[in-house]
Every structure is written in structure tokens, then in C-alpha cells.
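Residue indices begin at 1 and follow the sequence shown. Every number for a ligand or one of its atoms is a count from 1 in the order of the listing. What you are looking at is a predicted structure, and each value in this text was computed from that prediction instead of being measured.
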Amino acid sequence: MIHARNFARRVSHARLAALVDPHGETLHAACRELEVETGYADFREALADPRVDAVVVVTPTALHREVVLQAAAAGKHVLCEKPMAMDVRECDDMIDACAAAGVKLQVGFMRRFDESFLAAKERVDGGEIGDVVLVKSLTHGPSIPQEWMYDIRKSNGPLAEVNSHDIDAVRWFVGSEIEEVYALGGNFRCPQAAQKYPDFYDNVAMVCRFADGRQGFIDGAVSVGYGYDARMEVVGTRGVIFVGRKEQDSVVGCSSDRGIVQKFVGSWRTLFTEAYYGEDQDFVDCILEDREPRVRGIDGRMAVAVVNAGNRSIVERAPVRVEGRKA
Ligand SMILES: NC(=O)c1ccc[n+]([C@@H]2O[C@H](COP(=O)([O-])OP(=O)(O)OC[C@H]3O[C@@H](n4cnc5c(N)ncnc54)[C@H](O)[C@@H]3O)[C@@H](O)[C@H]2O)c1
């Protein structure tokens with residue numbers, strides 16, 4: 001709905017032609033809100049609609065590959081939400097299908113369009129902190145996962161659903177590939193999932209070694225309750241850069257019984273509003289200007305490779321090498 005609202009109300013040079021959802025109530029509510037006349041229960045109907053030039057794929061992750069392959073075959077440009085897919089083979093299929101069809105494939109790492117992340121990258125690239133040595137990135141989410149996310153086989157767990165963004169950001173800032181990871185996972189806050197989904201973890205800590213020896217650290221959590229927490233620290237040979245804020249707004253309350261009180265950021269929806277808009281607008285501009293998207297299939301693919309290695313590391317309790325890019 002974040003993307004749909006952007007395309008309906010803000011993105012220039014594009015029109016929201018149709019919405020798709022097999023769940024009738026969801027579809028009708030969305031069509032009503034966005035004043036879109038065409039709603040399809042099956043995505044294949046949208047792909048057959050000649051008015052559709054491009055699609056945004058926001059189905060649960062396990063369905064991304066199938067929708068993207070069929071979109072490419074129908075000649076539609078694709079913005080696919082993260083995580084790109086379930087494993088690297090699926091990602092390679094998607095990259096190859098879009099390349100063969102000559103359509104754009106952009107992956108939904110919207111932090112690459114966020115003003116603060118972009119400003120930090122510019123300062124790092126400008127040499128302000130010397131050479132990058134270590135990038136630490138954390139994302140803690142407040143919400144209780146949806147049922148499909150508890151099932152690691154259907155979602156690849158919080159490393160995929162939450163930390164894909166951190167993996168991409170760390171990789172983007174270091175500018176090299178993650179070669180090896182060691183991850184620890186545990187379920188500390190979701191007892192309701194423990195029996196039915198014994199593999200589910202709601203907290204993860206993962207260290208990463210890059211191909212050139214530099215270091216990354218990723219910290220992930222769901223159901224934290226206190227707010228949406230997304231922050232990064234870039235440690236260099238001559239300094240450090242911090243990215244991300246904790247405060248929802250600039251309102252500070254102070255009382256004798258509670259001390260200083262300020263609201264924590266509530267949701268990624270508000271924290272990254274402008275970043276989502278930026279990625280949606282750039283997707284359309286890429287198509288019109290016929291240029292490569294800022295976040296490409298290979299970026300989505302490398303993040304998925306790290307997710308899979310991290311999940312294996314949790315199970316095997318050992319460092320795991322990341323599956324490299326195919327030749
Ligand atoms: N970039 C981000 O910050 C961000 C944020 C949230 C979710 N996501 C990603 O977006 C994807 C969806 O996540 P969500 O939280 O919105 O999930 P969700 O379960 O809330 O929504 C998925 C929607 O897809 C619909 N759907 C299911 N099968 C479908 C099909 N075959 N065809 C069309 N629609 C279908 C469902 O009815 C539902 O409305 C996931 O890959 C998730 O990781 C990304």
C-alpha cells in the first residue's frame with residue numbers, strides 16, 4: 001500500500017493502472033481507497049493487461065520468483081520488494097529472465113534512497129573517516145511477525161524479512177562482497193511461536209567478513225515493542241559516522257515523576273516515507289531514461305546469499321561461506 005499510494009498520488013510520469021490481491025476484501029479496500037477501478041484476483045490478469053508497462057511485486061517473498069518470471073515474460077518492468085527471493089538460484093532465474101526480456105529489474109532496498117544514508121555515503125566516500133574498517137547495522141522491529149514469517153522455510157526468518165536492509169547497507173558502504181558469516185539466533189520474545197516453529201528466532205547477531213578482510217556486524221530483532229529502530233555506524237581508520245535517529249519527532253516532555261520523555265520512531269512506514277517515494281520515482285525514471293536501476297538484481301541476489309549463509313550458520317553453529325556470484 002505504501003508503493004500503491006505513492007504511484008496513485010505522488011510519482012510523476014506514471015499512473016496506477018491496476019491492483020492485484022487474491023484476498024477480495026483486501027483488494028476492494030485498496031481499490032476504494034486509491035480510487036482505482038481495476039482490481040485483479042490473479043496477477044496473470046494484470047500481466048495480460050496491455051495498459052500495464054511495469055509492476056511492483058509485494059507478495060510474500062516465496063512468491064517473488066514466479067511473479068517476476070511471468071512479468072518478464074510479459075515484457076513488464078519490475079520493482080521487486082526485498083528479500084528478492086528465497087535462494088540464489090531463484091534470484092539468478094529472475095536476473096536472467098529480466099535480462100533476456102530486456103526489462104528493468106529493481107530491488108526494494110529503499111535505504112539507498114534515504115536522505116541520511118545518502119549523505120553518510122557521500123561523507124564516507126569523501127574520505128571524512130579515512131578507510132572504512134567496520135560497518136555495524138541494526139534493525140529492530142516492533143511488530144509481532146505474521147504467521148508465514150514464523151516459518152523459516154516460507155520466509156527465511158528475520159535475517160531475510162528484517163535484516164536484508166542491513167545486509168545491503170553494509171555491503172553498499174564497504175563496497176566489497178561478504179565472504180563469510182557467523183550468526184547466532186534465538187527466540188526470546190515470541191513464546192507463541194516456539195512450539196509450532198522451533199526454528200524461529202526473534203533475535204539475531206551476525207558478524208561478516210568481507211572479501212577484502214573488512215568487517216560487518218548485523219543485529220536484528222522483531223517484536224521489540226519499544227519502536228522501530230534502524231541505525232548504522234561506520235567505523236573508519238580516522239573516525240566514525242553514525243546514521244539514523246531514535247526520536248519520532250522533536251517533542252520532548254519533562255515532568256517530575258517521569259523525567260525526560262521523548263517518543264521513539266514508531267514504524268518504518270514513517271521513518272522511510274521519503275525513501276519509498278524516492279525509489280518508486282527512480283524506478284519510473286529509470287524506465288523512461290533507459291538506465292540501470294540504482295539497486296539491481298545482483299544487489300538483491302547478494303543479500304539473499306548472505307541471508308541463506310546466516311541461517312545455515314545459526315543451525316550449524318559455525319561460520320559459513322557465502323555463495324558467490326555465478327560467472
Ligand atoms: N522494503 C521494506 O521496507 C518492506 C517492508 C515490508 C514488507 N516488505 C516485503 O514485502 C513483501 C510483502 O510483505 P508484507 O508484510 O506486505 O506481507 P503481507 O502478508 O502483509 O502482504 C502480502 C499481500 O500479498 C497478497 N498476496 C498473497 N499471494 C498473492 C498472489 N499470489 N498474488 C498477489 N498478491 C498476493 C496477500 O493477500 C497480502 O495482501 C515481503 O517480501 C516483505 O519482505 C518490504
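Short contacts between ligand 1 and Met110, defined as distances under 4.0 Å to a heavy atom of the residue, involve ligand atoms 1 (N), 3 (O). Atoms of ligand 1 lying under 4.0 Å from at least one heavy atom of Thr59, given by number and element, are 11 (C), 12 (C), 24 (O), 29 (C), 30 (C), 32 (N), 33 (C), 34 (N), 35 (C), 40 (C), 41 (O). Short contacts between ligand 1 and Met149, defined as distances under 4.0 Å to a heavy atom of the residue, involve ligand atoms 15 (O). Ligand-side atoms of ligand 1 in range of Pro83: 41 (O), 43 (O), range being under 4.0 angstrom from any heavy atom. Atoms of ligand 1 found under 4.0 Å from any heavy atom of Gly108, numbered from 1 in the order shown, are 1 (N).
Relative ring orientation between Trp172 and Phe117 is described as parallel, the plane-to-plane angle staying below 30° on a 0-90° scale split at 30° and 60°. Phe7 and His3 have tilted rings, their planes meeting at an angle from 30° to 60° on a 0 to 90° scale.
For Thr139 and Asp166, the side-chain atoms include at least one donor-acceptor pair closer than 3.5 Å. Counting only N and O atoms by type, the side chains of Tyr277 and Asp282 include no donor and acceptor under 3.5 Å apart.
Between Asp53 and Lys76 there is no salt bridge, since no side-chain N of the basic residue sits under 4.0 Å from a carboxylate O of the acidic one. One finds no salt bridge joining Arg89 and Asp93 here, because no Lys/Arg side-chain nitrogen approaches an Asp/Glu carboxylate oxygen to under 4.0 Å. The existence of a salt bridge linking Arg10 and Glu279 is excluded, since no basic side-chain nitrogen approaches an acidic carboxylate oxygen closer than 4.0 Å.
Counting only heavy atoms, the protein never gets under 4.0 Å from atom 7 (C) of ligand 1.
Comparing Leu63, Thr61, Val67 by heavy-atom distance to atom 40 (C) of ligand 1, the nearest is Thr61. For atom 14 (P) of ligand 1, the nearest non-hydrogen atom from the set Glu66, Glu81, Gln146, His64 comes from Gln146. Of the listed residues (Ala85, Pro60, Ala62), the one carrying the non-hydrogen atom nearest atom 27 (C) of ligand 1 is Pro60.
The protein heavy atom nearest to atom 19 (O) of ligand 1 is Trp148 NE1, 3.2 Å. What sits closest to atom 39 (O) of ligand 1 on the protein, heavy atoms only, is Asp21 OD2, 2.5 Å. Here the heavy atom of the protein found nearest to atom 21 (O) of ligand 1 is Val58 O, 4.5 Å. Atom 35 (C) of ligand 1 has Pro22 CD, 3.3 Å as its closest protein atom, hydrogens excluded (heavy atom only). Nearest non-hydrogen protein atom to atom 42 (C) of ligand 1 is Glu161 OE1, 3.2 Å. Of the protein's non-hydrogen atoms, Lys82 O, 3.3 Å is the one closest to atom 9 (C) of ligand 1.
In terms of modelled atom types and a separation under 3.5 Å, the side chain of Asn308 and the main chain of Met86 share a donor-acceptor contact.
Between Phe200 and Val222, the closest side-chain pair of non-hydrogen atoms falls below 4.5 Å. Side chains of Arg112 and Lys121 form no contact here, defined as non-hydrogen atoms less than 4.5 Å apart.
Assignment of Tyr276 to the shell around ligand 1 is supported, since a heavy atom sits closer than 4.0 Å. Using 4.0 Å as the threshold, Phe109 has no heavy atom nearer than that to any atom of ligand 1.
Between Trp268 and ligand 1, no pair of N/O atoms sits closer than 3.5 Å. Between His165 and ligand 1, at least one pair of N/O atoms sits closer than 3.5 Å. Among the atoms of Thr26, none of the N or O lies under 3.5 angstrom from an N or O of ligand 1.
Side-chain contacts under 4.5 Å among hydrophobic residues (ILVMFWY), followed directly or transitively, place Met94 together with Val20, Tyr40, Phe43, Leu47, Val52, Val55, Val57, Val67, Val68, Leu69, Val78, Met84, Ile95, Leu105, Val107, Phe109, Phe113, Val295, Val304. Through direct or indirect side-chain contacts shorter than 4.5 Å among Ile, Leu, Val, Met, Phe, Trp and Tyr, Met149 is connected to Trp148.
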